[in-house]
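Report on the following structure.
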Amino acid sequence: MNPAQRAADLFRASFASAPAAIASAPGRVNLIGEHVDYHGGHVLPAATLERTAVAVGPGGGRLRAVSERAERLEADWPPAASGRWSDYPAGVGELMRKDAAVLADGLAVAVASDVPLAMGLSSSAALEVATAAAIAAWAGTPRSARDLAEIGWRAENEFVGMPCGLMDQIASALGSAGSALLLDCRSLEMHPVPVGVDLVLVDSGEPRALRDSRYGERRREGAEALALLRPEFPALLCLVDLPPARLGTILRRLPAPLDRRVKHVVNENQRTVLAARALESGDHAAFGTLVNASHNSLRDLYECSTPRLDAIVAAARALPRVLGARLVGAGWGGAVLVVAEPGAGGMVVDLLRADRALALPEVRLVRPGAGVRGEVS
Ligand code: GLA
């Protein structure tokens with residue numbers, strides 16, 4: 001059964017009525033362009049084939065949330081952040097409450113998902129975007145995919161309290177099958193880029209305990225660097241606007257580690273644009289080289305890798321027909337993306353699974369899927 005059917009069944013079984021609406025949204029994998037979305041840079045995410053479905057309906061004055069893979073929760077309505085999984089749909093509901101009269105009587109949600117957890121696939125963005133689409137359908141006020149992405153992003157920043165960039169929600173809302181999206185995170189201009197290579201995702205099994213605090217620290221460092229550079233560049237809004245040709249001189253004026261952070265951001269932004277061009281022209285080897293450079297920069301300059309992620313990357317790079325490998329997502333644990341020649345992904349999955357020394361909890365092929373959609377209840 002697909003997630004939409006399972007979400008509908010779970011809703012009926014849990015709340016003894018049919019859902020008012022159902023929608024589903026995919027996870028995402030970012031091919032390249034890491035830690036640049038919140039600096040207004042370019043990213044190249046693809047939506048996944050795996051989707052999360054959310055069925056919604058009246059909550060009888062409460063927030064009621066059930067999921068196939070998490071505990072059942074019930075709380076007051078309007079909701080307050082609780083630190084539990086229901087914060088994702090609750091945050092979306094809270095943001096949409098003013099415009100969606102249907103939410104006056106609380107919110108019941110049932111969630112079913114094929115998006116693996118803890119693999120850097122942004123299961124949270126999938127949940128937010130699907131919830132926003134389901135509520136919009138229920139309220140009879142259709143929203144553009146871009147609006148749905150923004151609602152999800154605001155819920156994550158304002159309600160959940162994770163200061164993420166817009167990449168995950170945009171990819172989940174606007175992904176197109178077979179393609180990645182080259183997204184300019186400042187103008188939100190985007191265009192599809194055919195993926196053409198095989199993508200293998202590797203779960204490191206490493207807990208991401210430090211992730212949230214370190215992510216916030218990197219964002220503060222970025223703001224600090226901007227403030228230090230502003231006297232010289234009064235019009236500077238984003239780090240990605242620094243002129244690459246003068247980067248050497250600029251970096252010498254910044255204290256460590258801000259110089260390293262800025263160098264990563266400016267170069268990673270350029271690499272992403274080049275990587276999209278490489279995919280468009282079918283230059284897979286060049287794409288792989290850029291993916292490798294991305295990891296090295298995340299490891300040495302942005303310092304968000306771990307020894308285990310580095311070991312997985314090194315092992316993957318040594319395999320036949322692998323074009324490149326890098327940590328994917330925020331880092332500090334999580335997952336590694338391995339890029340393989342077209343048709344070689346299955347073999348690379350087998351080889352990595354067979355690597356006893358690495359003992360990887362999960363290795364799987366990822367294929368670019370389509371973005372958010374309404375589902376028939
Ligand atoms: C997390 C965030 C994204 C992005 C990446 C790093 O996945 O949710 O917005 O910043 O980290 O590229």
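Residue indices begin at 1 and follow the sequence shown. Just follow the structure's listing: the first ligand is 1, and inside any ligand the first atom is 1.
- Each of the following atoms of ligand 1 lies closer than 4.0 Å to a heavy atom of Tyr38: 10 (O).
- For Gly165, a nitrogen or oxygen atom sits less than 3.5 Å from a nitrogen or oxygen atom of ligand 1, counting backbone and side chain alike.
- A salt bridge links Glu341 with Arg321: the distance from a Lys NZ or Arg NE/NH1/NH2 to an Asp or Glu carboxylate oxygen falls below 4.0 Å.
- For atom 2 (C) of ligand 1, the closest non-hydrogen atom on the protein side is Tyr215 OH, 3.4 Å.
- Residue His35 places at least one N or O, backbone or side chain, under 3.5 Å from an N or O of ligand 1.
- Near Glu34, with a cut-off below 4.0 Å to any heavy atom, the atoms of ligand 1 are 5 (C), 6 (C), 12 (O).
- Of the heavy atoms in Arg219, none comes closer than 4.0 Å to ligand 1.
- Scanning the protein for heavy atoms near atom 8 (O) of ligand 1, the closest one is Asp168 OD2, 2.6 Å.
- Close approach of ligand 1 to Met167 (heavy-atom distance below 4.0 Å) involves ligand atoms 4 (C), 5 (C), 12 (O).
- For ligand 1, the polar-atom distance check against Asp37 finds a nitrogen or oxygen pair separated by under 3.5 Å.
- Between His264 and His35, the ring-plane angle classifies as perpendicular under the 30° and 60° cut-offs.
- The nearest protein atom to atom 7 (O) of ligand 1, hydrogens excluded, is given as Arg28 NH2, 3.1 Å; this is a heavy-atom distance.
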